[in-house]
Amino acid sequence: MHETGVSRIEDAPRISGCGPILSASAAPSRPLRQQIFESVRAAGRSARADVTRNLGISAGSATTLSAELIAAGFLREVEGLTREAGRGRPPVALEVVPDARLVIGIKLSDALHTAVLTDFAGTVLANASQPTPDHRKSVENILTEVSDLIAALLANADRSLSEVSAIGAGLSGLIDHNTGMVLWSPLLDQRDLPLGPALQQRFGLPVFLDNDANMLTLAELWFGAGRARSDFAVVTIEEGVGMGVVLGNRLFRGSRGIGLELGHTKVQLDGALCRCGQRGCLEAYVADYALAREAATALGRNAHNLQSASVMLDKLFAQAKAGNVSARTIFRRAGRYLSLGLANVVQLFDPELIILSGERMQYDYLYAEEVMAEMRALILADGREPCPVEIHAWGDLVWARGASALALSAVTDMALGEGWAG
């Protein structure tokens with residue numbers, strides 16, 4: 001129907017290795033052995049000479065520290081790099097020992113929980129999913145559902161929990177990543193719940209909890225379009241509206257770890273009621289439940305029917321495509337509010353790229369050319385090229401994969417950071 005003016009990616013790009021691709025000038029302040037390990041993992045397979053060049057270090061340091069990593073069982077030598085013309089044997093390369101560590105990544109959501117088992121090289125070994133009743137739950141309910149999900153995941157992989165080093169998990173809401181406290185989530189029946197510590201006690205493993213939009217952002221940073229970008233933003237539209245931002249190749253959370261709540265920025269004083277309890281939030285005009293509120297009127301249905309928001313929106317979209325003026329008006333209004341939110345993201349962060357993702361990206365009204373044009377009109381561009389926008393229509397497992405990246409990052413820090421035991 002519309003020419004969107006944006007790039008659309010249907011699945012994750014296939015790039016060797018995983019993790020941020022950092023230049024020598026952008027290398028983080030981590031021990032050099034950890035930088036070497038992460039450089040190899042990012043490349044997938046790398047010669048020592050490439051590590052030396054990428055990190056700007058001496059050949060002696062690369063040789064000595066890679067030998068330590070090999071002895072500790074984190075790296076191994078392999079053949080397989082292309083031999084240069086006129087040279088002898090192919091150069092020996094380094095790669096991550098996959099089974100050195102295993103982690104689990106989990107996405108908790110309103111209707112379906114998903115999980116992946118990932119090795120230390122970032123390869124998914126198995127996945128599992130579990131439907132869940134669409135209502136708010138207690139911590140005990142969540143613990144039971146996660147236990148069942150992990151049991152199914154490990155059975156699919158023919159692995160045991162004793163082989164797992166850590167769990168990463170994401171869910172919507174205000175999450176204190178540092179403490180694992182859930183200050184508020186539409187999934188839980190109370191506020192200020194210690195979900196992270198409860199999960200850690202249940203499984204006897206380190207558990208790292210975060211907002212699900214941050215999980216999708218980590219998926220882009222570790223496995224997707226953000227690997228070689230220092231600054232980008234991810235905006236998600238599903239049951240709610242979320243955002244994750246990477247600044248200087250690192251996920252930005254704010255001083256207390258609960259920032260970047262784009263969906264709860266205010267776009268209308270005393271406006272529509274949001275599920276957080278306040279009024280005028282962006283997601284109260286763009287998210288599933290917001291559109292479903294008006295869909296009943298547009299479709300002439302009883303507002304108290306028990307159809308899910310997803311089913312209702314699919315029917316609304318079909319009606320909009322068929323020419324229903326009321327249905328089109330609902331999507332176009334949501335698109336205008338989204339353009340306002342995206343313009344604010346550009347104005348605040350000036351990212352290299354904005355990625356729009358989530359299940360609602362199937363509705364092209366939300367990223368039609370008029371939406372992008374309005375976004376650009378609201379920005380003080382000063383004659384510069386507008387911020388590019390890409391649509392990434394990834395499946396549900398990518399959120400869990402981002403949660404596995406959270407766990408991989410933490411396990412890497414624990415294994416190779418300042419506490420290195422060699």
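Nothing fancy with the numbering, it's 1 onward along the sequence.
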**Student:** Is it true that R30 and E38 make a salt bridge, defined as a side-chain N closer than 4.0 Å to a carboxylate O?
**Tutor:** yes

**Student:** Is any side-chain heavy atom of V389 less than 4.5 Å from a side-chain heavy atom of M372?
**Tutor:** yes

**Student:** Go through T118 and L102 one step at a time and tell me if the side-chain contact (heavy atoms from CB on, under 4.5 Å) criterion holds.
**Tutor:** CA-CA 6 Å; T118 304; L102 302 180; over 6 Å; no

**Student:** If the threshold is 4.0 Å, N to carboxylate O, is there a salt bridge linking R159 and D99?
**Tutor:** yes

**Student:** Check the pair R202 / E140 against salt bridge (charged side-chain N to carboxylate O under 4.0 Å, His left out), numbers first and verdict last.
**Tutor:** CA-CA 10 Å; R202 172 65 65 96; E140 191 56 42; 2.9 Å; yes

**Student:** Under the salt bridge (Lys or Arg N to Asp or Glu O under 4.0 Å) test, which residues partner R191, sequence neighbours left out?
**Tutor:** none

**Student:** Can you tell which of L188, V182, T132 makes a side chain to side chain contact (heavy atoms under 4.5 Å, CB included) with I142?
**Tutor:** L188

**Student:** Once rounded to the nearest 0.5 Å, what's the spacing between atom CG of D176 and atom CG of N211?
**Tutor:** 12.0 Å

**Student:** Applying side-chain contact (heavy atoms from CB on, under 4.5 Å), run through R401 and L218 and close with a yes or a no.
**Tutor:** CA-CA 9 Å; R401 201 170 184 209; L218 282 176; over 6 Å; no

**Student:** Say whether N141 and S138, considering side chains only, have a donor N or O and an acceptor N or O under 3.5 Å apart.
**Tutor:** yes

**Student:** Looking at T114, L149, L209, which one forms a side chain to side chain contact (heavy atoms under 4.5 Å, CB included) with I106?
**Tutor:** L149

**Student:** Hydrogens and angles aside, do Y363 and D314 bring a side-chain donor and acceptor to less than 3.5 Å of each other?
**Tutor:** yes

**Student:** Apply the side chain to side chain contact (heavy atoms under 4.5 Å, CB included) test between L117 and each candidate in T123, V164, I150; give the one that qualifies.
**Tutor:** V164

**Student:** Using the rule given for salt bridge (charged side-chain N to carboxylate O under 4.0 Å, His left out), can you reason through R45 versus E79, listing the C-alpha separation, both sets of side-chain angles and the distance that settles it, and then say yes or no?
**Tutor:** CA-CA 10 Å; R45 184 171 286 183; E79 293 186 356; over 6 Å; no

**Student:** Before you tell me yes or no, could you show the steps for R41 and T412 under side-chain hydrogen bond (donor to acceptor under 3.5 Å, both in side chains), namely the whole-Å CA-CA distance, both residues' side-chain angles and the distance that decides it to 0.1 Å?
**Tutor:** CA-CA 11 Å; R41 182 164 61 186; T412 304; 3.0 Å; yes

**Student:** Measuring from L338:CG to L342:CG, what's the distance to the nearest 0.5 Å?
**Tutor:** 4.0 Å

**Student:** Among side-chain atoms of N214 and D210, is any donor-acceptor pair under 3.5 angstrom?
**Tutor:** yes

**Student:** Could you tell me how the ring of W420 sits relative to the ring of F74: parallel (under 30°), tilted (30 to 60°) or perpendicular (over 60°)?
**Tutor:** tilted

**Student:** Looking at Y285, I'd like to know if the NZ or CZ of R333 sits under 6.0 Å from its six-membered ring centre while staying within 45 degrees of the ring's axis.
**Tutor:** no

**Student:** Could you go through L174 and E261, starting from their C-alpha distance and side-chain angles, then the distance that decides it, and tell me whether this counts as side-chain contact (heavy atoms from CB on, under 4.5 Å)?
**Tutor:** CA-CA 8 Å; L174 299 175; E261 283 292 337; 3.3 Å; yes

**Student:** Could you tell me whether the side chains of R376 and S339 share a donor-acceptor contact shorter than 3.5 Å?
**Tutor:** no

**Student:** Between atom CZ of R253 and atom CG of L260, what is the distance when rounded to the nearest 0.5 Å?
**Tutor:** 10.0 Å

**Student:** Please report the C-alpha distance between D231 and R250 in whole Å, then the side-chain angles of each, then the deciding distance to 0.1 Å, and finally whether the salt bridge (charged side-chain N to carboxylate O under 4.0 Å, His left out) criterion is met.
**Tutor:** CA-CA 8 Å; D231 305 281; R250 298 179 68 86; over 6 Å; no

**Student:** Determine whether the aromatic ring centres of F232 and F349 lie less than 6.0 Å apart.
**Tutor:** no

**Student:** For the pair L282 and H264, evaluate side-chain contact (heavy atoms from CB on, under 4.5 Å) and give the outcome as yes or no after the intermediate values.
**Tutor:** CA-CA 6 Å; L282 175 63; H264 299 288; over 6 Å; no

**Student:** Any chance the side chains of H113 and E145 put a donor and an acceptor closer than 3.5 Å?
**Tutor:** yes

**Student:** How long is the gap from CZ on R275 to CD on E283, to the nearest 0.5 Å?
**Tutor:** 4.5 Å

**Student:** Using distance alone, with no hydrogens and no angle criterion, decide if S58 and S61 have a side-chain donor and acceptor under 3.5 Å apart.
**Tutor:** yes

**Student:** Do we see a donor-acceptor contact under 3.5 Å between the side chains of E352 and S230?
**Tutor:** yes

